[in-house]
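Reading through the structure tokens given below for one structure.
All residue numbers refer to positions in the sequence shown, counting from 1. All heavy atoms count here, side chains included; hydrogens, waters and symmetry mates do not.
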Amino acid sequence: MAPSLRDLQLTPVSGGGRKHPADEESGDLEDVRLLDAYEDGNSENLTFDEERLRRIQEEDIKIAIEDAGFEAEVLPEPSTTRTNPKGTLVGQFTIGGMTCAACVNSVEGILRDLPGVTTAVVALATSMGEVEYDPTVISKDDIVNAIEDAGFEGSLVQSSEQDKIILGVAGISNDLDAYLLEGILGNMKGVRQFCFNRASRELEVLFDPEVISSRALVDAIEGGSIGKVKLHVKNPCTRMTKKDTEESSKMFRLFTASLSLSVPIFFMGVVCPHIPLLYALLLRQCGPFQMGDWLKWALVTVVQFGVGKRFYIAAGRALRNRSTNMDVLVALGTSASYFYSVCALLYGAVTGFWSPTYFETSAMLITFVLLGKYLESLAKGKTSDAIKKLVELAPATALLLIKDKGGKSVGEREIDALLIQPGDVLKVIPGSKVPVDGVVVWGSSYVSESMVTGESTPVLKEVDSSVIGGTMNLHGSLHVKATKVGSDTVLSQIICLVETAQMSKAPIQKFADFVASIFVPTVVAMSLVTLLGWYFGGVMGAYPEDWLPSNGNYFVFALMFSISVVVIACPCALGLATPTAIMVATGVGANNGVLIKGGDALERAQMVKYVVFDKTGTLTQGKASVTTARVFTGMERGEFLTLVASAEASSEHPLAKAIVEYARHFHFFDEPSTTKDTQNRSKESKFSSWLLDVSDFSALPGRGVQCFIDGKQILVGNRKLMTENGICIPTFAEDFVVELEESAKTGILVAYDSALIGVLGVADPLKREAVVVVEGLVKMGVKPIMVTGDNWRTARAVAREVGIQDVRAEVMPAGKADVIRSFQKDGSIVAMVGDGINDSPALAAADIGMAIGAGTDIAIEAADYVLMRNNLEDVITAIDLSRKTFSRIRLNYVFAMAYNVIAIPIAAGVLFPWLKIKLPPWAAGACMALSSIKLPPWAAGACMALSSVSVVCSSLLLRRYRKPRLTTILEITVE
């Protein structure tokens, strides 16, 4: 019987003594799963026919099982995908054949009109599309088909689904091996569908993760083939890099083919007239035409319709989608030149009046356009180097420790790093990289996290320490238990953030999209105007006949100007101006520990007027320490500290941890830990017996904590907490607290049994770079502001020390967002810098939210920037990078617009009446950079092709970006 689409949970009927056969196979498993894998008899592919399975109703199967003596219940189909809260999936697709912003707009429009598609974003620079869709309405294949129906090349790269794996296959040498592979998969439980591409040696498998894991799938295939077949998981990013290389290679082959056919044409027109013997052969009559005409016609036909076929296909695709792009211009210009030359030959053969032909125009134009496309593909590949470098941080393989039933290690094996599962224990030897995020369960070593967090100092990792995938183990061996794998790891999330930023569009891109939508129709109209203007101008005697080429006429003269206008215009440069710069900038930012979540955030950062800093953990080190403890009653100092530490032990606030650390040191004389929280946890467990039992504990945000010890209430916090509970603060205690606050310390009041018993002074030292960063922002024209929940005296003291004039103190976490909005009232752009925890409301309210020192917590939804290092200098880097990027984008637009504004009139012949010198085509192309004459169409095509390359290369200069030196910003001379 064919399996069902859903799972059936089976439970024995009460009193039934029969044991279902499936129970014997499943051991301790409590349910029996009907597997949706079966062989359909096709030796090429094993497929999962959902239509056939739907013929069997769940209710029929349920009745059949009940008739067999079991109770059956139809369960909802288990979710094998990670979905957004809205129930949608996100898929990334490659989209080939896009040449300019008009293509992007066309594809985006098609995707957004599909039923079930929520959002669709297409990036020209990466030739990628990101689509959010409802899998119950539309499938991945439907989206790919829609892309291909529009005339573009489409394929799925990856999606948030977890039920698909793509494997590289080695060991398949003949059809028998392929049948063996298909037989293994056909008999494997949990495999829904698979497809083996023999050309690329890639195996795509759709499976049920609830039944079989990806590693078990690979092991089963390799084991079933008795070691003949070897598999490795294909990384989606690596596959994209391979596609980029293949695209560049394809463009190079087309260019070399076109060049090899165009050079003889150019040789016949320029060189042969100076070689009598060769020229005589070309002039030899062969039928109705000369030998040279036959050769040119034959060679150009191959170039026009063989090599240049892609332009006709792309132009037809664009016109079918009711849009226009650069391919339309190229196809139009080359076709006009080619078909005019053919008509001129035929007309000469019939009438005997021979007009000049322009076959070389068509061939050379296609050659130069392909050269530009090849250089453009190389340059665009460089813009995604940041992603490639991030992907290369993760090791390809890992050492998995094999354990027996008792948990004892009995061996180790090397596995693909993409097959690691949560709970696996991995061995990390010195000099190797940590494969995934995890926790150290054995060993100690120093690990360099600079490649992920930017911190250059190696970090000590001991038992219970967390490690990040992609970091380098320097010294000792470690056993690491995997906690986060696949897309959940820190490195994967960083890559995801960079990819999302590169896919996003900056608001400035709307200008290019608008120009692209009207560009080609405008150019075609200008070309027609040029043709009619020069033609009728000649007919009416507006210019002398000696301007015409030999054996030429007014129509031919006007047609060459018209073709030049069509082929010199370039919409590609406009379309590439913004996305290529944003791609490079986001990659450069990631390399410097600054993760940017989108092009809109990158654009807003350049206009920041105010930067609002949180105090604790942002301006300060966030490592508070108790400097003073004063008791106002006859209570022993040790008893006082025990009471306070017991109350604060349940709090996660940094000040609470500092108090507990101080009290523990007082009792046990151990050195306070400054390295790892894991050491703190171990010490807490070791010495926790000295803490008193606490009841009714509650943390009061912005005030402190309260609880009961031995039936008496204890309050630890600020003045507001004391006042709300009716605690009187004596004058001497108030004076002591004021003295602490004026020295930039926080005074913490302690009340026990309705009486104030003491005060603790806590200091949180400033970060060493805080003062110079604040001064640097002022030099950059940005006003720094500090907002804190601390009291006014402490806030003013800290602000005075760091150099901030505007301070907002005693602000609750929710009130920080109101402070942000108060600065936004006049339209100013406000950035908020916080630790990404209690500052989330303010980070979300700000125009630019910067989460600093996020470390491994990079998935902070509220922030627009994630500063991986706990260093304030990255705030300046973020703003400076934004300014540099958009200066480059504006320069790109100047290049693109100036090129078209200058080149089109020149191609139309505006300067020809004053520059009547007739140069050969190659010389005319060289002179074009100065002030052209009558520009040959092929030279115009060369200029058009190189214009987009120049814009991409301009964006690539951002790769040379270096973080600003504070000494330069502050105009400090270092001797």
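- Between the Asn592 side chain and the Val594 main chain, no donor and acceptor come within less than 3.5 Å of each other.
- Note that NZ of Lys309 is 13.0 Å distant from CD1 of Ile366, once rounded to the nearest 0.5 Å.
- Between the side chains of Asp141 and Ser139, no donor-acceptor pair is found at a separation under 3.5 Å.
- Between the side chains of Arg888 and Ser954, at least one donor N or O lies within less than 3.5 Å of an accepting N or O.
- Thr586 places a side-chain N or O within 3.5 Å of a backbone atom of Ile582 that can act as its donor or acceptor partner.
- Counting only heavy atoms from C-beta outward, the side chains of Leu531 and Phe561 never approach each other to under 4.5 Å.
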Q) What do the steps show when you test Phe93 against Ile147 for side chain to side chain contact (heavy atoms under 4.5 Å, CB included), and what is the final call? A) CA-CA 9 Å; Phe93 301 83; Ile147 295 171; 4.3 Å; yes
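- With rounding to the nearest 0.5 Å, the separation of CZ in Phe196 from CG in Leu167 is 10.5 Å.
- Considering every non-hydrogen atom in both Ile829 and Arg604, the closest pair reads CG2-O, 3.7 Å.
- Atom CD1 of Ile889 sits about 7.0 Å away from atom CG of Leu602, to the nearest 0.5 Å.
- Here the shortest heavy-atom pairing between Asn892 and Ser955 reads ND2-OG, 2.9 Å.
- Taking 4.5 Å as the limit, some side-chain heavy atom of Val584 sits within range of a side-chain heavy atom of Leu956.
- Under the 4.5 Å side-chain criterion, counting only non-hydrogen atoms from C-beta, Thr119 is not in contact with Val131.
- Between Tyr374 and Phe252, the ring planes are tilted. Angles from 30° to 60° get that label.
- Counting heavy atoms from C-beta outward, Ile848 and Val608 have side chains that approach closer than 4.5 Å.
- In terms of heavy-atom proximity, Val307 sits nearest to Leu254 at CG1-O, 3.6 Å.
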Q: Could you walk me through whether Asn591 and Arg959 pass the side chain to side chain contact (heavy atoms under 4.5 Å, CB included) test, one step at a time?
A: CA-CA 10 Å; Asn591 291 337; Arg959 297 174 66 194; over 6 Å; no
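- With Ser335 contributing its side chain and Leu332 its backbone, the two residues share no donor-acceptor pair below 3.5 Å.
- Of the possible polar contacts, none joining the Gln193 side chain to the Leu206 backbone as a donor-acceptor pair under 3.5 Å is found.
- A donor-acceptor pair is defined here as one N or O able to donate and one able to accept, closer than 3.5 Å; such a pair exists between the side chain of Gln606 and the backbone of Glu603.
- Counting only heavy atoms from C-beta outward, the side chains of Tyr338 and Thr301 approach each other to under 4.5 Å.
- Side chains of Val122 and Met128 form no contact here, defined as non-hydrogen atoms less than 4.5 Å apart.
- Side chains of Thr885 and Tyr961: a donor-acceptor N/O pair is absent below 3.5 angstrom, by distance only.
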(Q) Assess the residue pair Glu153 and Thr94 against the criterion (side chain to side chain contact (heavy atoms under 4.5 Å, CB included)); give the C-alpha distance rounded to whole Å, side-chain angles, the decisive distance to 0.1 Å, and a yes or no. (A) CA-CA 8 Å; Glu153 300 169 4; Thr94 59; over 6 Å; no
Q | Check against side chain to side chain contact (heavy atoms under 4.5 Å, CB included), Leu595 and Tyr865 | A | CA-CA 6 Å; Leu595 302 183; Tyr865 281 72; over 6 Å; no
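- Asn145 places a side-chain heavy atom less than 4.5 Å from the side chain of Glu148.
- How far CD1 of Ile138 is from CG of Leu111: 8.5 Å, rounded to the nearest 0.5 Å.
- At a cut-off of 3.5 Å, with distance as the only test, no side-chain donor of Thr530 or Ser562 sits close to an acceptor on the other residue.
- Remark: Glu204 CD to Ile165 CD1 distance equals 11.0 Å, nearest 0.5 Å.
- Closest of all the heavy-atom pairs between Val588 and Leu958 is CG2-O, 3.6 Å.
- The two residues Leu370 and Ser258 have their closest heavy-atom pair at CD1-CB, 3.9 Å.
- Distance CD/Glu132 to CZ/Arg112: 12.5 Å, rounded to 0.5 Å.
- Residues Gln304 and Tyr312 have side chains in contact (heavy-atom distance under 4.5 Å, counting atoms from C-beta outward).
- The two residues Ala846 and Ile820 come nearest to each other via the heavy atoms CA-CG2, 3.6 Å.
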